[in-house]
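Heavy atoms only: backbone and side chains are in, while hydrogens, waters and symmetry mates are out. Within every chain, numbering begins at 1; the chains are lettered A, B, ... in the order of the sequence lines, protein sequences first and strands thereafter.
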Amino acid sequence: MRLATWNVNSVNARLETVLRWFEAAQPDVACLQEIKCVDEKFPAEAFERLGYNVAVHGQKTYNGVALVSKRPLEDVRRGLPGDDGDEQARYIEAVVSGPQPVRVASIYLPNGNPVGTEKFAYKLAWMDRLNAHARELLAWEEPFALMGDYNVIPEPRDAEFPKNWEGDALFQPESRRAFRALKNLGLTEAYLQADGAPGAYTFWDYQAGAWQRNNGIRIDHALLSPEATDLLTGVSIHRDVRGWDKPSDHVPLVIELDA
DNA sequence: ATGACCTCCGAAGGAGGA
């Protein structure tokens, strides 16, 4: 089973590009972030025509996440537990049915800039809630994948110009520590497990010729439970998509599970 | 070069992204 995560930066503004990638890459499951629309404005029919089921947790203008799956989606949950009162649509989770069911989450972790503001505190609090939820899921000892835009640069090697990111919320010690804490629960970072070569970026800013200069960062990640890690057979980053017409500033991260 | 982009909303330019 091929699972992808992709921050599409508006699913409606990007629909042609997104569908082009779906037809080329043929994901079984795709976790989308920054759909930037309410549920009713999500172009579900376009995906259904390609044989997909859709579950959406949308929001007007900002954020918004979705799951798109060829297999039926069961036990859909919108929002992180502990999110009561949080208006920002950043989390959706469902069980992808099949002979070996896999729980999959689409995550849009807060950016957190500028550091020292309530936005950074919100990012860290959100990561704490994600940590608590991951602990609950781990207790089930089942395959699950937490996939998405984590807005965290884990290590200096995950940026072409790490000095550029000093002082940025994506590269703060607190952000990196919270990401490590997630992994230290027993989750495996799929890219490092199955490949791990440096320079594998997933984001290049639209500004200042970042793509042309390869001023990239690796901030989209797939964290796997031990039972999902057992099933991991491969990973790829679809870097070329950043060079397409009307690209998102993120590219898809794809993992293969023997499920 | 203290630059440079993109989307949303809504009808100009501010907010937000990373």
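- Spacing between dA15(B) and dG10(B) at atom C1', rounded to whole Å, works out to 14 Å.
- To the nearest whole angstrom, the two C1' atoms, one in dC6(B) and one in dA18(B), are 12 Å apart.
- When each of Gln207(A) and Leu170(A) is assigned the nucleotide of DNA chain B with its nearest heavy atom, Gln207(A) is the one assigned upstream, toward the 5' end.
- Contact annotation for Arg90(A): backbone-only contact, meaning every heavy-atom pair under 4.0 Å involves sugar-phosphate atoms and none involves a base.
- Judged by distance alone, the side chains of Lys123(A) and Gln172(A) never bring a donor and an acceptor atom under 3.5 Å apart.
- A donor and an acceptor atom, one from each side chain of Glu93(A) and His133(A), are located under 3.5 Å apart.
- Annotation: dT7(B) and dT2(B) have their C1' atoms spaced 25 Å apart (nearest Å).
- Across all strands, Tyr108(A) comes closer than 4.0 Å only to sugar-phosphate atoms, never to a base (heavy-atom distances).
- Legend: residues meeting side chain to side chain contact (heavy atoms under 4.5 Å, CB included) with Asp230(A), ordered by chain and number and at least two apart, are absent.
- Checked against a 6.0 Å centroid threshold, the rings of His250(A) and Trp6(A) do not count as neighbours.
- Across all strands, Asp249(A) comes closer than 4.0 Å to no nucleic acid atom at all (heavy-atom distances).
- Residue contacts shown for Asn7(A) are limited to sugar-phosphate atoms, with no base heavy atom under 4.0 Å away.
- Ion pairing between a basic and an acidic side chain is recognised when a charged N comes within 4.0 Å of a carboxylate O; Asp249(A) and Arg242(A) show no such pairing.
- Hydrophobic cluster membership of Trp165(A), counting Ile, Leu, Val, Met, Phe, Trp and Tyr whose side-chain heavy atoms lie under 4.5 Å apart directly or via other members: Ile153(A), Leu170(A), Phe171(A), Phe203(A), Ile217(A), Ile219(A).
- In terms of position on DNA chain B, the residue among Ala208(A) and Asp168(A) whose nearest nucleotide sits closer to the 5' end is Ala208(A).
- As judged by a 4.0 angstrom heavy-atom cut-off over every strand, Asn111(A) is placed among the base-contacting residues.
- Contacts of Lys246(A) with the nucleic acid, taken as non-hydrogen atoms under 4.0 Å apart, involve only primed sugar atoms and P, OP1 or OP2.
- Chain A approaches DNA chain B over the interval dA4(B) to dA18(B), counting the first and last nucleotide 5' to 3' with an atom under 4.0 Å from its heavy atoms.
- Taking the P atom of each, dG14(B) and dA4(B) are spaced 15 Å apart, rounded to whole Å.
- Using a 4.0 Å heavy-atom criterion, one finds that Arg14(A) contacts the sugar-phosphate atoms exclusively.
- Counting non-hydrogen atoms under 4.0 angstrom, Asn12(A) reaches nothing in the nucleic acid.
- Checked for salt-bridge contact, Lys163(A) and Glu166(A) meet the test: a charged N lies under 4.0 Å from a carboxylate O.
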